[in-house]
Number of protein chains: 2
Amino acid sequence: MTELEQGPKGRRRGRGARERILGASQHLFREQGINRTGMDQLCAAAQVSKRTAYQHFTGKDELVAEYLRRFDPSVLSGVFDRTDLTPRERLLAAFDIPPTTPLCPYIAAAVELHDPQHPASQYARDYKKAVAARLADAAREAGAADPEQLGEQLALLIDGAAARTRVLNADAFPTAAAIAAVLIDNAIPATASDDRRREEVAS
Amino acid sequence: MTELEQGPKGRRRGRGARERILGASQHLFREQGINRTGMDQLCAAAQVSKRTAYQHFTGKDELVAEYLRRFDPSVLSGVFDRTDLTPRERLLAAFDIPPTTPLCPYIAAAVELHDPQHPASQYARDYKKAVAARLADAAREAGAADPEQLGEQLALLIDGAAARTRVLNADAFPTAAAIAAVLIDNAIPATASDDRRREEVAS
DNA sequence: CCGTAAGCACACAGGTCGGTGTACATAACA
DNA sequence: TGTTATGTACACCGACCTGTGTGCTTACGG
């Protein structure tokens, strides 16, 4: 929404203190959690004085909300804008998540903040709904009988894999991908089910 | 709750301070989270002096671990020891979770504690593995081709429903149950729907 | 040049946290 | 009766938290 407009002067000193703060947030919040990361540590990692941080963000809550809001583009478009894949492959690509992720930050934030009214929790809901919608779009494109239902189901699989990976400390995404394959094959009617034979036609 | 009344001092000596502490833990940890529940508040709710609490538990960590360890019997056996159900119904019964649950406490603890080495995180792992094992047992009894795989898949669905319910603030277990039905029907060869179970050799 | 403002370093306020120390009260048992 | 175990009430400690107040440094524009 707001983009640090300084007017025509455009004078700034520290080369984007705000960006450094958000960068450090992404790193620290994911690595140690939100509650366990104090503003002192965060400002030190961002090489920004605490005073400056509180001039850019009214408080930690606003910082956390903004931190969550910045995740969408990289993940969402990175997975769904792959025009080189068939719709079915695109649906399955959502389960090829690099193991660098400790846990979906939206789930973590919802649990840690523990307040559905928190702005960050709102962003988490919006994001999860957006993912389900994108999956539903891809499902529709793939010819699924009930795209919304399939999108919601696949979204649930992703969240389950994320949560289970965190609790068990072992990658659960392959299991989720296997389930997804079954669901996709069951949801797409026979006309489009054998897309292996029509790979060249689809492109 | 008001079984014991004392004189003007209102002193409550009681039997089972430990049980009261654990009871208050179940209530408060689930309602407000572990990190947001201080020992002061917890002891007040348990009507136990803080001194006594620290004579029963070496610290909050041990209390949290014990709190988690106490969940197994009620949930596990309550769902899986239903001999009145067919194996298939028993597998699906795991998704009929009362909506009183804000979030699976094991997932919440793993996220909140944020330390895989914490004893409570260990209990969480053990529990999740136990659930998957019980599901695999039921799947084997139902005649599934690969019981372990089906058990792991159903366990992932449960975790996904729990996480998604928390983030979206809307019940996701029906969606998970629908997926479970598909998986079960796909994994069990030549089953009767759910009226009678008949054993017959695959292929 | 000087003024302005962004940023820094540092201390500190006010609060909560987990955990203890101390003195006192009750019950069961010798 | 007295001892011992258990529990209470309450102050207190040090650590850490979010958030400010205050003066100082630096860069840039007029």
Sequence-distant partners of B:Phe29, ring-ring contact (aromatic ring centres under 6.0 Å, His included), two or more places apart: B:Tyr67

ring-ring contact (aromatic ring centres under 6.0 Å, His included) contacts touching residues 136-162 of chain A (sequence neighbours left out): none

Sequence-distant partners of B:His114, side chain to side chain contact (heavy atoms under 4.5 Å, CB included), two or more places apart: A:Arg36, A:Arg166

Nearest-Å distance for atom pair CE/P, residues B:Met39 and D:dG14: 21 Å

Separation of D:dG7 C1' from B:Ile21 CD1 (nearest whole Å): 11 Å

SB check A:Glu19 A:Arg70 (cutoff 4.0 Å): yes

Positions of residues 42-52 of chain A (non-hydrogen atom under 4.0 Å from DNA chain D), listed by number: A:Lys50, A:Arg51

Nearest-Å distance for atom pair CD/P, residues A:Gln55 and D:dT22: 14 Å

With sequence neighbours excluded, residues passing side chain to side chain contact (heavy atoms under 4.5 Å, CB included) with B:Ala120: B:Val64, B:Ala65, B:Leu68, B:Leu113, B:His118

Length of the CG-C1' vector between B:Leu63 and C:dG19, whole Å: 13 Å

Value in whole Å for how far the C1' atom of C:dC17 lies from CG of B:Asp61: 13 Å

Touch class at under 4.0 angstrom, heavy-atom based, for A:Asp40 against every strand present: base

Between C:dG18 (P) and B:Phe57 (CZ): distance, integer Å: 15 Å

Any B:His56 side-chain nitrogen or oxygen under 4.0 Å from OP1 or OP2 of D:dT6: no

Residues in side chain to side chain contact (heavy atoms under 4.5 Å, CB included) contact with A:Ala45, at least two apart in sequence or another chain: A:Ala24, A:Leu28

Whole angstrom value for the distance that separates P of D:dT18 from NE2 of A:His118: 12 Å

Sugar-phosphate, base or nothing in reach of A:Thr37, heavy atoms under 4.0 Å: sugar-phosphate

